[in-house]
Colleague: 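Attaching a single structure in structure tokens format; questions to follow.
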Amino acid sequence: MSEESSQILRIRREKLEALEARGIPAFAYRFDRSHRTDEAIAVFDDEEASEALTEKGEGAEVRVAGRILSWRGHGKSAFAHIEDGGGRIQLYFRLNVLGEEDFAALDLLDLGDWIGVRGPLFRTRTGEITVRVEEWTLLSKSLRPLPFGKEEVDEETGERVVHSGFSDQQTRYRQRYADLAVHPEIRESFRLRSRLITGLRRFLDERDFLEVETPILQPLYGGAAARPFVTHHNALDTRLYLRIADELYLKRLIVGGFERVYEIAKDFRNEGIDRSHNPEFTMLEFYQAFADYREMMELVEDLIRFVVEEVHGEPRLTYQGKPIDFEPSFRRLPFVEALNEKLGEDVQALSDADLLSRAERITGDSLEGENRGRLLDKVFGALVEPELIQPTFVIDYPVELSPLAKPHREDPRLTERFELFVAGRELANAFSELNDPIDQRARFEAQARLRAMGDEESHPVDDDYLRAMEYGMPPTGGVGIGVDRLAMLVADAASIRDVILFPTLRPEEG
RNA sequence: GAGCCGGUAGCUCAGCUGGCAGAGCAACGGACUUUUAAUCCGUAGGUCGUGGGUUCGAGACCCACCCGGCUCACCA
């Protein structure tokens, strides 16, 4: 059915015309509100408690405004609920209070309209605090019906039950405005996310980290293994990449003399989309001069504990039915030891061919042509990661996997690196940052060879970054934390799309 | 990329072995001055994802395609 012929849309337009014909503006400029709905309810509760109500049981006169959620007409009276940023409140309209003309014009209102009302508060026979409307003003006419479900409160559990709600996930993501408008709990999820990010900033600010902004448009991308988005600057006539990580610019700032820096910002990776990956996502990275990865591990423990407690009031939460405890210290699990234990032999002693055949057997994939590091990582991902439900630092990764990490001071085959896993998912990645420009160049060149062999995710050589290293970077610990994944934990969201307001979707037709 | 499931009214869904496209909510008209999933009476509303095919007849069966969800793979 075309939009033009939809009777549902046509009827609302006709009501708009009818309002205009009566001289009622459909789109107001402002409303002089005296209370949010929750404030109005608190005012009445106080008055009732201090016996300050009139003999008719009325409290203060309030002016409240909100979107009409429900309407129950009774001939010469009507009940409605409106909702604002503070919650909901019931309105009561009466013919003999409003007069014929004003009462009749209520017929031109719809669910979804924004109205403001003035009148005293009272408590209905059923006990609900309500505004006895003496005057109402249309603030904005809704010309398209919102997909409200019908709600009831379960007598036994006291829980809100929604009937025939808005549940098509694709439409909810596409029309997030409608999803938010009809689902208070979705608004609450995003409030949690905001509190989480505020908490991250507070923790770092209190420890003298400086918040900085580095380029999103970069002539060369790096700092992670991923395919980038490519764009073009017209005036410079040059290719630019959207960053895949903040890392290399933040470490340039450590070279410049800032001892502690952090950035919370979007990164972009031109890869698949699934429950834990969105092409643009929010990353926190922070770097601290004179620290190694061990010190950063302790800082990450404190940080995670702090923000979980900020959001939930305690350092524990339940994620998808699984209780998770963020009280330090988190378990430390060496990468190679974990693999050796699972496989019952020393993976580093295996020949390339043996490693390949074991990896293919374990993962069930054809892995011909993958390098040693990737093979180890695949096996680790298949055997160990899914079991890491409670917060666990996986430490000391093979050097092939970590081109930007310092070699392990006790075993040159490893690097001083950790990843934090929670609920079987990678949440953070960190290392003692490689500050030896000669070693760094050799690592880049090794990556370039992988690239020449067709590995599109290997790290490109960044000569400017090497120049910065040559000037001298102090020993530095660096951490990256996937903010969306942390938000998934605190909001108990199964999909990253549930913590991103406007997730990336295929464009709509037409 | 593979497998499974799905796309029918504004929303949520039903539609059997192929036989006049349905329900609830929302909407519209009417009754109702303390209701709250308000209630009661009545009305209207459809490119059944798209395109082919089979058939006297397709929402249903067959083929292709589009879109989505889930699982797996990919994403160190």
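Predicted, not measured: the structure shown is a model, and the values here were computed from it. So you know, we letter chains A, B, ... as the sequences are listed, proteins then strands, and number each from 1.
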Colleague: Looking at B:A73, which nucleotide sits across from it as a Watson-Crick or G-U wobble partner, both distances under 3.5 angstrom, or is there none?
Modeller: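 Pairing partner, where one exists within any strand: none, as none qualifies.
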Colleague: With respect to the side chain of A:Thr124, which nucleotide from B:U34, B:U33, B:U71 is positioned closest?
Modeller: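 Comparing B:U34, B:U33, B:U71 against the side chain of A:Thr124, the answer is B:U34.
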Colleague: Nearest heavy-atom pair of A:Ala105 and A:Ile24: which atoms, and what distance?
Modeller: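 Nearest pair, atom of A:Ala105 first, then A:Ile24: CB-CD1, 3.9 Å.
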Colleague: What residues form a ring-ring contact (aromatic ring centres under 6.0 Å, His included) with A:Phe79, not counting sequence neighbours?
Modeller: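 A:Phe79 satisfies ring-ring contact (aromatic ring centres under 6.0 Å, His included) with A:His74, A:Tyr92 only.
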Colleague: Using the salt bridge (Lys or Arg N to Asp or Glu O under 4.0 Å) criterion, which residues pair with A:Arg243? Sequence neighbours excluded.
Modeller: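 By the salt bridge (Lys or Arg N to Asp or Glu O under 4.0 Å) rule, A:Arg243 matches A:Asp246, A:Glu263, A:Asp267.
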Colleague: Filter on side chain to side chain donor-acceptor pair (under 3.5 Å), then keep only pairs touching residues 95-108 of chain A, sequence neighbours left out; what's left?
Modeller: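 The answer is A:Arg94-A:Asn96.
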Colleague: From the list B:C28, B:C11, B:U33, which nucleotide is the closest neighbour of the side chain of A:Phe166?
Modeller: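 So the side chain of A:Phe166 is nearest to B:C11.
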Colleague: Among B:C70, B:U33, B:A27, which nucleotide has an atom closest to any side-chain atom of A:Lys76?
Modeller: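 The closest nucleotide is B:U33.
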Colleague: Which residues pass the salt bridge (Lys or Arg N to Asp or Glu O under 4.0 Å) test with A:Glu280, not counting sequence neighbours?
Modeller: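 With sequence neighbours excluded, A:Glu280 shows a salt bridge (Lys or Arg N to Asp or Glu O under 4.0 Å) to A:Lys266, given in chain and number order.
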Colleague: Between the base of B:U35 and the side chain of A:Arg72, is there a donor-acceptor distance below 3.5 Å?
Modeller: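 Checked by distance alone, the answer is yes.
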Colleague: Mind checking ring-ring contact (aromatic ring centres under 6.0 Å, His included) for A:Tyr241 and listing every partner two or more places apart, or none if nothing turns up?
Modeller: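 ring-ring contact (aromatic ring centres under 6.0 Å, His included) check on A:Tyr241 returns A:Tyr221.
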Colleague: Establish, with yes or no, whether the OP1 or OP2 oxygen of B:U12 is under 4.0 angstrom from a side-chain nitrogen or oxygen of A:Ser167.
Modeller: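 Looking at the OP1 and OP2 atoms of B:U12, one of them is under 4.0 Å from a side-chain N or O of A:Ser167.
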Colleague: Using a strict heavy-atom distance below 4.0 Å, which residues from residues 86-95 of chain A are in contact with RNA chain B?
Modeller: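 By residue number: A:Gln90, A:Tyr92, A:Arg94.
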